[in-house]
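Quantities reported herein were computed from a predicted structural model and do not represent experimental measurements. In what follows, chains carry the letters A, B, and so on, assigned in the order in which the sequence lines appear, proteins first and then strands, with residues in each chain numbered from 1.
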Amino acid sequence: MTRHLHKNTRFLSRFNTNITTIITKSASFTTITTTTTPWNTQLRDLSKHGQYYNALILYRQMLQFGATPNAFTFPFILKSSASLSLPTTGKQLHCHVIKLGCKSEPFVLTALMCMYCKCKLTEHAQKVFDEIPHRNLTVCYNALISGYVQNDKFLNGFCLFSEMRLRGVEFNAVTILGLVPGCTVPEHLWLGMCLHCLNVKCGLENDLAIANCLITMYVRCGLMELARRLFDHIPEKGLITWNAMISGYAQNGLAAEVLELYREMELLQVDPDAVTFVGVLSACANLGAQKIGFEVEQKIRSNCMWFNIFLKNALINMYARCGNLAKARIIFDEMPEKTLVSWTAIIGGYGMHGLGNTAVELFDKMIKTGIQPDGTVFVSVLSACSHAGLTKKGLNYLDLMKREYGLKPGTEHYSCVVDLLGRAGRLEEARKLIESMEVEPDGAVWGALLGACKIHKKVELAELAFNKVVELEPTNIGYYVLLSNIYTEANDSEGILRVRLMMRERKLKKDPGYSYFECKGKTHLFVAGDIGHPQTKDIYKMLNRLEDTVNEHGRADKNGQEVINQEPPNIMSVHSERLAIAFALLNTEIGTDILVIKNLRICGDCHSFVKRVSKTVDRLFVVRDATRFHHFRNGTCSCNDYW
DNA sequence: GTAGGGTTAG
């Protein structure tokens, strides 16, 4: 007893200095005994219920009262220091393990490795692993394999897996589960697919956790069909399975599929959770499905999820992108604690609506609050500047980003700045900026320059930008149309012909753009020349009527020039925006605003069409395209430069 | 009485 106390006091003197710094609240325990078992039981209970701080306090008390930790003590206490990510405490516990002669117990060693990996000390974990005398235990391998994968050292993990197989150590479901999350990047996908095969071969295909992991792997690599096939083959899906698929669709921009799956979930009476709602709200944001978004909000409120910060951010984003900036702002203002994502969502919302000054003010306020900006919030603020014509401010932000915050601007930042300079007519500067970029420019960067050439009618520079952009994105039809429009304005019929030929050669005929309109909680999707909608007949009738009324009021565009439709009168030339607007007029009451969402940029032809329609029909038309909102009322538009 | 695992937002 005295010997124990003496030994423990030595432990304590060093353990105390570290542990007291992390204790935030005191806990009282009644156990006063030198027998180890009751302490272990209490430690197990605390660790099981996630009370890690209390577990550490209890461990200290255990030493104070003279009880000696044994091999059963360490797994619990190591889990606590791992979960709290306390490497120093963990290292001290490692010393205790050695001193108390527990280092030959495989489960203590496994817990040690796990602790080191959670504290990002994989080299320490490897050292522990190397000292294991007979490395024939699956669990030891599993602990280190998943540790490597979670620390972005997938290849180390995979090598260990190979070693394991060479040595004839059996693997199990947990081994696969440790490896699959490392295959979520395209370069490792093939290994992930091998694991999928291995999984089926070993009869592990009914393990739900592995299936969930594999779905996530396919989703992250953009292989949605494979993910869906796997999903459909799971007989008893768990909530995580549904969430993996829903978030997957949302991340890959397949918003309609998200809502479809969500409906299916409701029908099967699977209770959604916060993760489900985040995915659904993101889909609502993309589709402008505000009514469904509102229903989700009610569910969040009634299910006591209102204080979930992820959901609040998703709601701000949803309302802002559905055009309801006021509602987004209320939620934002009422948030007691705002994260960087909350600020980014609201700043982006104002930027999209052309309210650049408010966006910039909010950004400055955010900085004053002490929040460290990242690359994404700079994209929001730069794009806000470009939409509102705040050239000087935008250039300052690019500089600030590099100098003050040491962030490396990516192509997404440069495309905003090229757009910014381009709109201001500083095309040469924009071109020089592209040439001086430290990253390789992508299609969006050259595309921004091409758009600026359209506004300022610079044919020669447009040709240069176009050649670059089609090299990078040969199938993006928007750029061909843009160049063709530039030639049209320059009366260059040869140029128009060249672009058309190029498009024909590359078989780029169909407009890939969609437009959506939300009506009575349902989102109606239209493609150019769509004849699939049940109300098609009425829609086209309405369009003809609109064309007639509009023509009576003259066909002049924003520059006062006659707009001539260059396309022969074929059905494909009926743009999706027009169809959505005709549908909206047919199905909404007079006085309601009309929000149409176009997945690509709104084209000049449609821009002037909506403008003219708004002159004859007393409604507010809002068209949201890939980057911003265009508000049309009484024949005027809030942003006239549609490119 | 002991160790290893899955899904979230801008």
Side-chain angles (χ1 to χ4, degrees), chain A residues 36-45 47-48 70-79 82 102 105-115 117-118 137-147 149-150 171-181 184 207-217 219-220 237-248 250-251 272-282 285 305 308-318 320-321 328 332 338-349 351-352 373-381:
Chain A
T36 308
T37 312
W39 292 97
N40 284 354
T41 314
Q42 281 204 52
L43 276 172
R44 184 193 59 197
D45 291 345
S47 137
K48 215 185 209 170
N70 64 15
F72 296 119
T73 317
F74 290 112
F76 304 128
I77 197 69
L78 282 167
K79 192 182 174 192
C102 297
E105 299 292 349
F107 38 86
V108 174
L109 295 175
T110 311
L112 265 174
M113 287 194 288
C114 188
M115 179 276 296
C117 289
K118 290 248 166 74
L137 275 172
T138 308
V139 275
C140 299
Y141 277 96
N142 288 354
L144 195 56
I145 287 174
S146 63
V149 171
Q150 276 159 26
F171 66 91
N172 60 16
V174 185
T175 323
I176 309 278
L177 213 42
L179 284 164
V180 176
T184 48
D207 190 304
L208 195 56
I210 297 181
N212 295 339
C213 244
L214 286 169
I215 290 177
T216 308
M217 176 186 82
V219 155
R220 297 247 169 99
K237 303 171 185 54
L239 179 57
I240 293 179
T241 321
W242 287 94
N243 286 348
M245 202 63 224
I246 284 185
S247 321
Q251 281 158 21
D273 70 351
V275 180
T276 324
F277 288 141
V278 166
V280 173
L281 286 172
S282 149
M305 293 185 197
N308 183 317
I309 217 156
F310 273 65
L311 286 173
K312 288 257 179 93
N313 292 342
L315 278 168
I316 294 171
N317 178 45
M318 185 274 293
R321 291 177 75 98
F332 176 80
K338 301 165 178 60
T339 65
L340 177 59
V341 179
S342 331
W343 288 95
T344 310
I346 196 79
I347 291 169
M352 284 182 100
D374 69 352
T376 316
V377 73
F378 271 107
V379 174
S380 286
V381 77

Is there a side-chain contact (heavy atoms from CB on, under 4.5 Å) between A:T344 and A:N313 once you walk through the steps? CA-CA 9 Å; A:T344 310; A:N313 292 342; over 6 Å; no
Closest contact, heavy atoms only, A:P373 versus A:L340: CA-CD1, 4.2 Å
Measure from the side-chain heavy atoms of [X] and tell me the nearest of [options].
X      : options              : value
A:Q251 : B:dG5, B:dA9, B:dG1  : B:dA9
A:L208 : B:dT8, B:dG1, B:dG6  : B:dG6
A:S247 : B:dG10, B:dG1, B:dT8 : B:dT8
A:V174 : B:dG1, B:dG5, B:dG10 : B:dG5
A:V341 : B:dG1, B:dA9, B:dT7  : B:dA9
A:S282 : B:dG10, B:dG4, B:dT8 : B:dG10
A:T37  : B:dG5, B:dG1, B:dG10 : B:dG1
A:A143 : B:dG6, B:dG4, B:dA9  : B:dG4
A:F310 : B:dT8, B:dA3, B:dG5  : B:dT8
A:L340 : B:dG10, B:dT8, B:dA3 : B:dG10

To the nearest Å, how far apart are [X] [atom1] and [N] [atom2]?
X      : N     : atom1 : atom2 : answer
A:L214 : B:dG5 : CG    : C1'   : 13 Å
A:K312 : B:dA9 : NZ    : C1'   : 14 Å
A:Q150 : B:dG4 : CD    : P     : 11 Å
A:L315 : B:dT8 : CG    : P     : 19 Å
A:N212 : B:dG6 : CG    : P     : 11 Å
A:L109 : B:dG4 : CG    : P     : 13 Å
A:M318 : B:dT8 : CE    : P     : 20 Å
A:I145 : B:dG6 : CD1   : C1'   : 17 Å

Remember a base hit wins even if backbone is also touched, and classify [X] as base, sugar-phosphate or nothing at under 4.0 Å, heavy atoms.
X      : answer
A:N317 : sugar-phosphate
A:D273 : nothing
A:N308 : nothing
A:T41  : nothing

Could you walk me through whether A:L144 and A:C117 pass the side-chain contact (heavy atoms from CB on, under 4.5 Å) test, one step at a time? CA-CA 8 Å; A:L144 195 56; A:C117 289; 4.2 Å; yes
Whether A:N40 side chain and A:L43 backbone form a donor-acceptor pair below 3.5 Å: no
Return yes if the base of B:dG5 and the side-chain atoms of A:N142 contain a donor-acceptor N/O pair under 3.5 Å, otherwise no. no
Please list, chain by chain and in numerical order, all residues satisfying ring pair (Phe, Tyr, Trp, His ring centres under 6.0 Å) with A:F332, sequence neighbours excluded. A:W343
Partners meeting side-chain contact (heavy atoms from CB on, under 4.5 Å) with A:N243 (sequence neighbours left out): A:L239, A:D273, A:V275, A:T276
Compare side-chain N and O positions of A:R220 against OP1 and OP2 of B:dG6 and report whether any pair is under 4.0 Å apart. no
